[in-house]
Amino acid sequence: MSDRYEPSTFESNWRQRWKDADLFKTRENPNAPKYYGLDFFPYPSGAGLSVGHCRNYVPTDVICRMKLMQGYNVLHPMGFDAFGLPAENEAIKRKTHPAPMIKGYADTYRRQMDLIGVSYDWSRSFSSSDPSYYKWTQWIFEVLYKRGLAYQKLAAVNWDPVDKTVLADEEVVGGRAERSGALVEKKYIPQWFFRITDYAQRLIDDLDTVEWPEGIKVQQKNWIGRSEGVQFAMKVQGTGKAEGGRYDLDSTEVSTSGEPLTFEVFTTRIDTIFGMTFCVLAPEHGLLEKLLQGVDQEHRDAVAAYQLAARTLSDTDRTSTTREKTGVFTGADAINPANGEAVQIWVADYVLATYGTGAIMAVPAHDDRDFDFATKFEIPIKQVISPDAEGTAVELPFVSKDGYLVNSGEYSGLSVAESQLGLGIWIEGLGIGQRKIQYKLRDWLISRQRYWGCPIPVIHTVDGEQQLVPEDCLPVELPMVEHYEPTGDGTSPLAHIPEFVNTTDLDGRLGKRETDTMGGFACSSWYFLRFTDPFNFNQPWTEAAADYWMPVDCYVGGAEHAVMHLLYARFWTKVLYDEGLIKVKEPFQKLHNQGQVLALTPYRKAREDERLNVGEDGVLISFKEAAELPKEDITHRWARMSKSKGNVVTPEEAVESYGADALRLYLLFRAPFEADIEWENKGMSDLGRFLSRIFRFVDSQRPNYVSNWKDLLPFEELDDRARKIRRATHQAIRVVTTDIDRFAFNTYISGLMKFLNALNDLTTGEADRAFALAVSEAIDSLILLLAPGAPHSADELWNSLGHEEFTLNLEWPQFNEELAAEDAVTIAVQVNGKLRDTFELAVGADQATHEAAALALPKIQQYVEGKVIRKVVVVSGKLVNIVVS
RNA sequence: GCCCGGGUGGUGAAAUGGUAGACACAGAGGACUUAAAAUCCUUUGACUUCGGUCGUGCGGGUUCGAGUCCCGCCCCGGGCACCA
């Protein structure tokens, strides 16, 4: 063996030997605890992996390898999120079919993952587009359907009337189709939804039971958007007789049938109800049709025109915050139930039809949006909240909830909190409304009018009824066809394949299959369950397998999935729990988000005729281009590694030039796991040098190596040097074990470096028997502690000492607190909190000894002389602080 | 605008309220070498009258003691964005 790290001479050999030995096959020893380590389900893109993608695979691998050595049964699988739009678009571009294409890409991913030595059990691998997998995706769809959680309803899509196609939100720019330039319309077509809103509260509550980054939990909570408020009915003035109440509804400014028209509003600020000076209905509000019958022609036309405009505007533009508020008066008034005053009813698109009731009470004095609107349309503004109980007038809008009511009848003088409760109860007592909890969360739209996805297992009968495809007829297979491109009429390409569409229903009559497919997020919402039992032909998983392996102990991936994937997977897990199919309510016990890998990327200054996108201060150029331009025209910036930026370093390049273990250690060492890495190839050679130092150390100590040190060391009389070697060893075991457990991989590696430095310092001079035994323990420990991070090198080193086993099959070293303990510590001495001196003290000395020793120091006496000692703080084993005055 | 992260030497970074800068990189000096590479050793926060003084984005506070806790700001990154 060499005395340096020469990856080309051994790394690929070890990978072959691991493969031949089936080393990574999941072991299921009875009585052993389990550990389930999982990386996010990747979509295998044609660009292949970059070293950036390895950022999460390597740390998960390190922790799984350590857990295995610690005696756990480890499940560490990998598969591919193959269905979905990215794959289909790529296949269309390449004029090929997505199935073979994605298979090829997945093979590349697998080859690259193997190349860096990640210990995946490939025997459990699958793709979400495998019929044997999506059969069960459909089966779970049916579970949801039967529980009333999957339903079809009309929903708006962006429709391009020229290209006759459905557009994604990002394909609509300024209300026009990016490609055709046509004014985009909202088209209502039936779409499938999952009723995730039923689970809103549980999705909030159970976040308390998982160990996730706090930021991700907050993002999910914000997304679900719970708010507490009051929903109540408003009556339209003059549209009915008063029911003996306090309102004068006999006015006939607006007259219709005689039935009072009402609409509901939701507010979180019921305390401001006396400040309501108008109401706003969303342009899509259902009341408008009736309401308009009773108003004059002029108002009717204005509202109709406004509604038309709202319909053609894209959601993105409509909700742009920079846009000035728009709206029209309906000509009708409503009654404020709090004080009986008439308030104008307006229509404006700043009120969303899809949230709450699609109508609001507007209180311009205490709401920014209402204030803007009232100012523009010269609607009265009435202050009803004041920062103090005296009712001081303040600059409006005053939106703080820290205040007191004024001009609010009998509620004047109460605090916001008190009056919210009181007014809520009053409204309920009046029978016109109730306190209510609203969520921003919408139902999950899963329909895609696209080919490359999991077919929805529904049959539409001639009577227009829906039937589920019976379980024994699953999966509804995606037909292999040559043409699968979007069709131009807004329907799925599947709708144009008669052999697919035409079928018989459960009663033997002609029926039509559902032709929408499920969006990719459905497929990735349960794959972690399938990994527990991936080739079960009869069930999605066996109870025993899921009960044993679930939940995922450690789930690792990018923070960009903070909401969507993680929320959907949690939702499905809860539904499956409710159905009694699994025993966990949450799928992922611990979650970790890796930082990004950034690469230095060249940009050039914009030319005079060029306009840059917002937030950009240069034009992205290739490295080739950068080499040709004058230096002063180029700036380099750190940008996320991606093929489109041309700044990618591939695992192949890294392994070829620096070695897989050097790459792995560099990824671990360069920065904390959660932090971004600024990539530098040189960093890999730095870590390669560290590996070389280990090889050199082992090589130099080989003559002293005693392989059965374990049997002999306990009986050996140790001198000071041997004791120090053992201390360094056990301290290293302690720090490495805890660092890997707490996901601190950078300090894991620096712990190894420190250990090696200590060993190099301690292994000088003559070798005796005690030394040889202590060094042998140190060598074994060093190799084993290195093994999760640099498995090729560890196996090579272990082998070079005459051993046959794979390090992965060895036991993880245990540390002994007594051996790791220092016998003397350095005590810091402070005077008034400032460090003045230090001294050595035996471990375990009492407080009086600390204090006496500190005060005896000449330097300290100088500082204390002539002053009164007020107090002496002693932290045993750490410091003495003398407070003088 | 709101919500999350983060701001520590020349650089990447460490640090359960207890000696700030561990571990590396880069720099400087030296050893080995004909020379280079590789390797090894020493040194490296700033200032200093060599006694010390100052230092973790800024300003306050709590504490015997604050990078760490609290309050108010500034800057950078990310998420949400008219959700009533």
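Every chain is numbered from 1 and lettered A, B, ... according to where its sequence line falls, protein lines coming before strand lines.
The base of B:rC25 has none of its N or O atoms less than 3.5 Å from a complementary donor or acceptor on the side chain of A:K682.
In B:rG45 the base sits anti relative to the sugar, since the glycosidic angle is further than 90° from 0. Base orientation of B:rG9: syn (glycosidic angle within 90° of 0).
Residue A:L441 holds its CG atom at 12.5 Å from CG of A:N222, rounded to the nearest 0.5 Å. Of the inter-residue distances, the one linking A:Y5 atom OH with A:R693 atom CZ reads 14.0 Å to the nearest 0.5 angstrom.
Side-chain nitrogen and oxygen atoms of A:S692 include none within less than 4.0 Å of the OP1 or OP2 phosphate oxygen of B:rA38. The phosphate of B:rA84 has neither OP1 nor OP2 within less than 4.0 Å of any side-chain N or O from A:Y350. Side-chain nitrogen and oxygen atoms of A:K217 include none within less than 4.0 Å of the OP1 or OP2 phosphate oxygen of B:rC4.
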Check against ring-ring contact (aromatic ring centres under 6.0 Å, His included), A:W346 and A:F373: CA-CA 10 Å; A:W346 286 67; A:F373 194 82; 5.4 Å; yes

side-chain hydrogen bond (donor to acceptor under 3.5 Å, both in side chains) between A:Y603 and A:R637, intermediate numbers included: CA-CA 7 Å; A:Y603 289 79; A:R637 268 180 286 140; 4.8 Å; no

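Taking the ring centre of A:W223 as origin, the terminal cationic atom of A:R570 falls outside the region bounded by 6.0 Å and 45° from the ring axis.
In this structure, CD of A:E678 is placed 18 Å from P of B:rC25, rounded to the nearest angstrom. In this structure, A:L598 atom CG and B:rG12 atom P are separated by 12 Å, rounded to whole Å. Here B:rG17 presents its P atom at 15 Å from CG of A:L879, a figure rounded to the nearest Å. Summarising the geometry, the separation between OH on A:Y5 and P on B:rU39 is reported as 15 Å, rounded to the nearest angstrom. Whole-Å rounding puts the A:E674 CD to B:rG7 C1' distance at 17 Å. Atom-to-atom, CZ of A:F690 to P of B:rA13 comes out at 19 Å; the value is rounded to the nearest Å.
For the residue pair A:Y439 / A:Q201, a side-chain donor-acceptor distance below 3.5 Å is found, with atom types taken as modelled. Residues A:T849 and A:D846 bring a donor and an acceptor atom of their side chains to less than 3.5 Å of each other.
A salt bridge links A:D699 with A:R702: the distance from a Lys NZ or Arg NE/NH1/NH2 to an Asp or Glu carboxylate oxygen falls below 4.0 Å. A salt bridge is defined here as a Lys NZ or Arg NE, NH1 or NH2 lying under 4.0 Å from an Asp or Glu carboxylate O, and A:D686 with A:K682 meets this definition. A salt bridge is absent between A:E228 and A:R435: the closest approach of a Lys/Arg side-chain nitrogen to an acidic carboxylate oxygen does not fall below 4.0 angstrom.
Here the closest heavy-atom approach between residue A:H285 and residue A:G358 is recorded as CD2-O, 3.3 Å. When all heavy atoms are compared, the tightest approach of A:T357 to A:V265 is OG1-CA, 3.4 Å.
By the 30° and 60° cut-offs, the orientation of the rings of A:F521 relative to A:H561 is perpendicular.
The side-chain hydrogen bond (donor to acceptor under 3.5 Å, both in side chains) test applied to A:D443 returns A:Y151, A:T197, not counting sequence neighbours. Taking A:K440 as the reference, nothing meets the salt bridge (Lys or Arg N to Asp or Glu O under 4.0 Å) condition, with sequence neighbours excluded.
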Polar atom pairs (N or O), protein with nucleotides 40-43 of chain B, under 3.5 Å:
| unit_1 | atom_1 | unit_2 | atom_2 | d |
| --- | --- | --- | --- | --- |
| B:rC40 | OP1 | A:R696 | NH1 | 3.4 |

Dump the pairs, protein N or O against N or O of nucleotides 61-64 of chain B, anything under 3.5 Å, distances to one decimal.
| unit_1 | atom_1 | unit_2 | atom_2 | d |
| --- | --- | --- | --- | --- |
| B:rC64 | O2' | A:N881 | ND2 | 3.2 |
| B:rC64 | O2 | A:N881 | ND2 | 2.5 |

For nucleotides 74-80 of chain B, give me every protein contact, N/O to N/O, under 3.5 Å, one pair per line with atom names.
| unit_1 | atom_1 | unit_2 | atom_2 | d |
| --- | --- | --- | --- | --- |
| B:rG79 | O2' | A:Q219 | OE1 | 3.2 |

Can you pull every protein N or O that's under 3.5 Å from an N or O on nucleotides 47-56 of chain B?
| unit_1 | atom_1 | unit_2 | atom_2 | d |
| --- | --- | --- | --- | --- |
| B:rU53 | OP2 | A:R836 | NH1 | 3.1 |
| B:rC54 | OP2 | A:K834 | NZ | 3.2 |

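Contacts classified as salt bridge (Lys or Arg N to Asp or Glu O under 4.0 Å) and involving residues 270-279 of chain A (residues at least two apart or in different chains) are given here: A:R269-A:D271. Note on residues 862-885 of chain A: no pairs pass salt bridge (Lys or Arg N to Asp or Glu O under 4.0 Å), not counting sequence neighbours. Among residue pairs with one or both ends in residues 728-758 of chain A, those qualifying as ring-ring contact (aromatic ring centres under 6.0 Å, His included) are A:H592-A:F743, A:F673-A:F743, A:F743-A:F745; sequence neighbours excluded.
Near RNA chain B, meaning a heavy atom under 4.0 Å away, the residues from residues 837-848 of chain A are A:T838. Of the residues in residues 750-759 of chain A, those with a non-hydrogen atom less than 4.0 angstrom from any atom of RNA chain B are A:S750, A:M753, A:K754, A:N757.
Counting any heavy atom pair closer than 4.0 Å across all strands shown, A:R742 reaches sugar-phosphate atoms only and no base atom. Residue-level contact check: A:Y439 touches neither bases nor backbone, having no heavy atom under 4.0 Å from any strand. Nucleic acid contact class of A:P213 (heavy atoms, under 4.0 Å, all strands): none.
Checking A:N746 against A:G215, the closest nucleotide of RNA chain B that is more toward the 5' end is the one next to A:G215. Positionally, the nearest nucleotide of RNA chain B for A:I216 lies more toward the 5' end than for the other of A:R269 and A:I216.
If you take atom C1' in B:rU53 and the same atom in B:rU39, they sit 40 Å apart, rounded to whole Å.
Among A:V875, A:V829, A:L841, the single residue meeting the side chain to side chain contact (heavy atoms under 4.5 Å, CB included) criterion with A:H850 is A:L841.
In secondary-structure terms, RNA chain B builds stems of at least 3 consecutive Watson-Crick or G-U pairs, each pair having both distances under 3.5 Å, at B:1-7 with B:74-80, B:10-12 with B:23-25, B:27-31 with B:39-43, B:45-47 with B:52-54, B:57-61 with B:69-73.
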